[in-house]
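Below is one structure, written out as C-alpha cells; comments come after it.
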Amino acid sequence: ASSLFLLSRAAAMGGALTGLLFVPPLTATAAPGGRDAVISVGKTLGWYGKVSTRCERWRGLITKIATEHKLDAAFMMAIARIESGFNPDAKSRVGATGLMQVMPATASFIAGQDDPPPGSPDGLTDPEVNISYGSWYLRYLLDHYDGSVPAALAAYNAGPENLRKW
C-alpha cells in the first residue's frame with residue numbers, strides 16, 4: 001500500500017510516476033519470477049494486464065465485478081496486487097481489510113449511498129464483498145475526480161481529505 005500511496009501522491013501533485021504505475025504511454029514489467037501484475041498503458045489502448053498464476057484465483061471474480069462497475073479488470077488486478085498481494089486475509093495496521101484493503105469507515109460510507117454494492121460492511125473479509133466495495137469506491141472516486149486516475153488512486157489509498165491537503 002505504501003508504494004501505491006507514494007506513486008499516487010506524486011501523480012496528484014503533478015509529478016511523474018515511477019514504479020508500478022506510469023503515465024501513458026510507458027509500460028511496467030513484472031518483477032523477476034513473474035509474480036507481479038504486468039501493466040501496459042497507452043493513450044488509445046487503455047489498460048491491459050497480464051497477470052501471473054499467483055493471482056489467477058481472483059481473476060474471474062475481479063473481472064466480473066470490475067465489469068459491473070465499468071472498470072478495467074487489469075487495473076483492478078493491479079490495485080489488488082499492490083494493496084494486499086492478493087491476500088484475502090490481509091489487514092493493514094490502520095484497519096484496511098481484504099484484497100482491496102477497504103477501510104471499515106469507507107465501507108460504512110458506501111453502504112449508506114443510494115446504490116451500494118451487495119453485501120454488508122461487516123462482510124469485508126468475504127472476497128466478493130471486499131472486491132465489490134473496493135470497485136464501487138474506485139468508480140465513485142473516478143467519477144468524482146472527472147476520470148483522473150492519479151487523483152482517484154491517491155484518494156483510494158490515502159483518503160480524499162489527504163488528497164485535498166496535497
Side-chain angles (χ1 to χ4, degrees), residues 1-13 15 17-22 28 30-31 33 35-39 47 49 51-66 69 71-113 116-145 148-166:
S2 61
S3 296
L4 183 59
F5 168 76
L6 293 174
L7 295 172
S8 300
R9 183 170 185 202
M13 296 173 69
L17 294 177
T18 57
L20 176 69
L21 299 175
F22 296 90
R35 295 189 326 251
D36 295 322
V38 179
I39 299 172
W47 293 89
V51 186
S52 72
T53 56
R54 180 176 178 199
C55 60
E56 281 299 315
R57 176 179 180 190
W58 306 112
R59 181 191 295 270
L61 185 58
I62 289 174
T63 298
K64 174 185 162 285
I65 295 170
H69 293 280
L71 297 167
D72 187 279
F75 183 49
M76 294 302 300
M77 294 288 283
I79 292 171
R81 166 61 181 99
I82 289 296
E83 290 289 340
S84 70
F86 295 110
N87 178 0
D89 300 317
K91 185 117 177 165
S92 77
R93 67 186 189 304
V94 295
T97 301
L99 288 163
M100 301 298 292
Q101 289 293 279
V102 178
M103 292 291 290
T106 301
S108 293
F109 164 78
I110 293 168
Q113 301 304 302
S120 163
D122 297 332
L124 289 178
T125 56
D126 177 324
E128 187 164 2
V129 171
N130 192 276
I131 296 166
S132 293
Y133 272 68
S135 296
W136 186 99
Y137 191 53
L138 185 59
R139 169 49 52 204
Y140 167 83
L141 293 170
L142 283 165
D143 292 346
H144 181 76
Y145 294 110
S148 171
V149 172
L153 286 174
Y156 185 93
N157 187 264
E161 188 58 37
N162 284 326
L163 181 60
R164 280 189 281 279
K165 291 176 189 175
W166 299 332

For this session: Taking all non-hydrogen atoms of both residues into account, name the closest pair between Met103 and Ala96 and its distance.
Result: SD-N, 3.3 Å

Exercise. Is Gln101 reaching over with its side chain to a backbone N or O of Ala90, donor-acceptor style, under 3.5 angstrom?
Worked result: yes

For this session: Output all residues satisfying side-chain hydrogen bond (donor to acceptor under 3.5 Å, both in side chains) with Arg93, sequence neighbours left out; order by chain, then residue number.
Result: none

For this session: Over all heavy atoms of both residues, which pair between Tyr133 and Ala107 is shortest? Give the atoms and the distance, please.
Result: CE2-O, 3.4 Å

Exercise. Roughly how far, to the nearest 0.5 Å, is NZ of Lys64 from CE of Met76?
Worked result: 13.0 Å

Seminar exercise, completed: Rounding to 0.5 Å, atoms CD1 (Ile79) and CE (Met77) come to a distance of 11.5 Å

Exercise. Shortest non-hydrogen contact from Ala152 to Leu142?
Worked result: CB-CD2, 3.6 Å

Problem set entry | Reported CD1-to-CG distance for the pair Ile131 and Leu138, which is rounded to 0.5 angstrom | 13.0 Å

Problem set entry | Asn130 side-chain N/O to Leu124 backbone N/O, donor-acceptor pair under 3.5 Å | yes

Exercise. Nearest 0.5 Å, what's the CD1-CD distance between Ile65 and Glu128?
Worked result: 5.0 Å

Seminar exercise, completed: In this structure, CZ of Phe86 is separated from CD of Glu56 (nearest 0.5 Å) by 9.0 Å

Problem set entry | Closest heavy-atom pair and its distance - Gly119, Val129 | CA-CG2, 4.0 Å

Problem set entry | Ring geometry between Tyr140 and Phe109 (parallel below 30°, tilted from 30 to 60°, perpendicular above 60°) | perpendicular

For this session: State the OH-NE2 distance between Tyr137 and His144, to the nearest 0.5 angstrom.
Result: 9.0 Å

Problem set entry | Set of salt bridge (Lys or Arg N to Asp or Glu O under 4.0 Å) partners for Lys91, sequence neighbours left out | none

Exercise. Got Asn157 and Asn162 here, is their nearest side-chain heavy-atom distance under 4.5 Å?
Worked result: no

For this session: For residues Ala80 and Met100, report the shortest heavy-atom separation together with the two atoms involved.
Result: CB-SD, 3.9 Å

For this session: Mark yes or no for whether Thr106, through its side chain, and Val102, through its backbone, hold a donor-acceptor pair below 3.5 Å.
Result: no

For this session: Please report the shortest heavy-atom distance between Pro104 and Gly95, naming the atom on each side.
Result: CD-O, 3.4 Å

